[in-house]
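Any value given below was found using the heavy atoms of this structure, including those in side chains, with hydrogens, waters and symmetry copies removed.
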Amino acid sequence: MAERETPSGAQDDVDAVTRAVLTASRVLVAVSARSLAEVEERVTLPQFRMLVVLSTRGATKLVALADLLQVAPSTAMRMVDRLIAAGLADRQHNPRNRRETLLQLTEEGRRTVEDVTARRRAEIAVIVERLGPKQRLALIEALTAFNEAGAEPLAPTLDDAEPHPLGWAVEVPVARDA
């Protein structure tokens with residue numbers, strides 16, 4: 001059982017929270033999959049992750065991109081090759097070091113990220129609108145605490161010019177009991 005006593009004596013039901021978060025993650029994965037539906041013949045979810053990272057970082061070296069995505073450079077190279085073939089990314093020489101190649105989005109790649117992100121945001125908004133005001137506030141507080149515990153920065157607001165990386169490269173610190 002994942003229950004344990006907290007210093008205040010209240011029950012901390014880690015298993016119940018974990019189950020609720022896993023269920024919510026299924027909802028979010030489904031939303032993510034549907035948001036990619038229009039481009040799924042051209043872009044897989046891992047490739048979309050790469051597009052989002054490129055959209056936020058700009059021109060990036062392959063090794064840095066592989067590190068951010070936590071994949072081997074050879075895997076990142078295959079993904080890049082597919083994105084280039086689809087017209088969503090391209091390579092350029094680093095003007096400061098001609099031996100280095102930088103990867104970046106094309107205009108079509110940028111539009112793809114914007115369109116998929118807009119569809120995802122709209123579908124999440126529909127779900128959130130089904131909640132009452134008190135439930136929304138509780139959800140904001142709970143998810144903010146969850147995101148902070150997972151070391152994930154906030155997603156952008158509607159007014160933000162750039163999308164935020166999807167967070168797969170964040171290392172979650174392991175909590176240790178004192």
Seminar exercise, completed: Correct closest heavy-atom pair for M50 and A76 would be CE-O, 3.6 Å
Exercise. So how far is it from R119 CZ to D115 CG, rounded to the nearest 0.5 Å?
Worked result: 5.5 Å
Exercise. Is the CZ atom of R34 crowded by more than 12 outside heavy atoms at less than 6.0 Å?
Worked result: yes
For this session: Quick one: pull up NZ in K61 and CG in L103 and give me the separation to the nearest 0.5 Å.
Result: 11.0 Å
Exercise. With sequence neighbours excluded, what pairs up with P46 under the side-chain contact (heavy atoms from CB on, under 4.5 Å) test?
Worked result: T44, M79
Exercise. Is the backbone of T23 close enough, under 3.5 Å, to the side chain of S25 for a donor and an acceptor to pair up by distance?
Worked result: no
Exercise. If two hydrophobic side chains count as joined below 4.5 Å and joins carry through other members, does L69 share a cluster with L45?
Worked result: yes
Exercise. Quick one: which of V31, L28, V27 gives a side-chain contact (heavy atoms from CB on, under 4.5 Å) with E123?
Worked result: V31
For this session: Can you run down the side chain to side chain donor-acceptor pair (under 3.5 Å) pairs that involve residues 78-92, sequence neighbours left out, and say none if there aren't any?
Result: T75-R78, D81-R91, D90-Q104, Q92-Q104
For this session: Begin from the C-alpha positions of V53 and L65 and carry the test side-chain contact (heavy atoms from CB on, under 4.5 Å) through to its verdict.
Result: CA-CA 8 Å; V53 170; L65 190 57; 3.6 Å; yes
For this session: Tell me whether V52 is reachable from I84 by hopping between hydrophobic residues (I, L, V, M, F, W, Y) whose side-chain heavy atoms are closer than 4.5 Å.
Result: yes
For this session: Please tell me if the side chains of F48 and L88 come closer than 4.5 Å, counting only heavy atoms from C-beta onward.
Result: no
Problem set entry | side-chain contact (heavy atoms from CB on, under 4.5 Å) assessment of H93 paired with L102 | CA-CA 6 Å; H93 288 288; L102 299 174; over 6 Å; no
Seminar exercise, completed: Here the pair of heavy atoms bringing S35 nearest to R120 is OG-NH2, 3.0 Å
Problem set entry | Spacing of L137 atom CG and L131 atom CG [to the nearest 0.5 Å] | 11.5 Å
Exercise. side-chain contact (heavy atoms from CB on, under 4.5 Å) with R130: which residues, sequence neighbours excluded?
Worked result: V126, I127
Seminar exercise, completed: Nearest heavy-atom approach of G87 to T106 is O-OG1, 2.6 Å
Exercise. Would L105 end up clustered with L62 when hydrophobic side chains under 4.5 Å apart are linked, directly or stepwise?
Worked result: yes
Exercise. Just how far is it from atom CD1 of I140 to atom CG of N147, taken to the nearest 0.5 Å?
Worked result: 11.5 Å
Exercise. Any side-chain heavy atom of V39 within less than 4.5 Å of one from V116?
Worked result: yes
For this session: Mind listing the closest non-hydrogen atom pair of A64 and T60 along with its distance?
Result: CB-CG2, 3.9 Å
Seminar exercise, completed: To the nearest 0.5 Å, atom CG of L51 lies from atom CZ of R111 at 12.5 Å
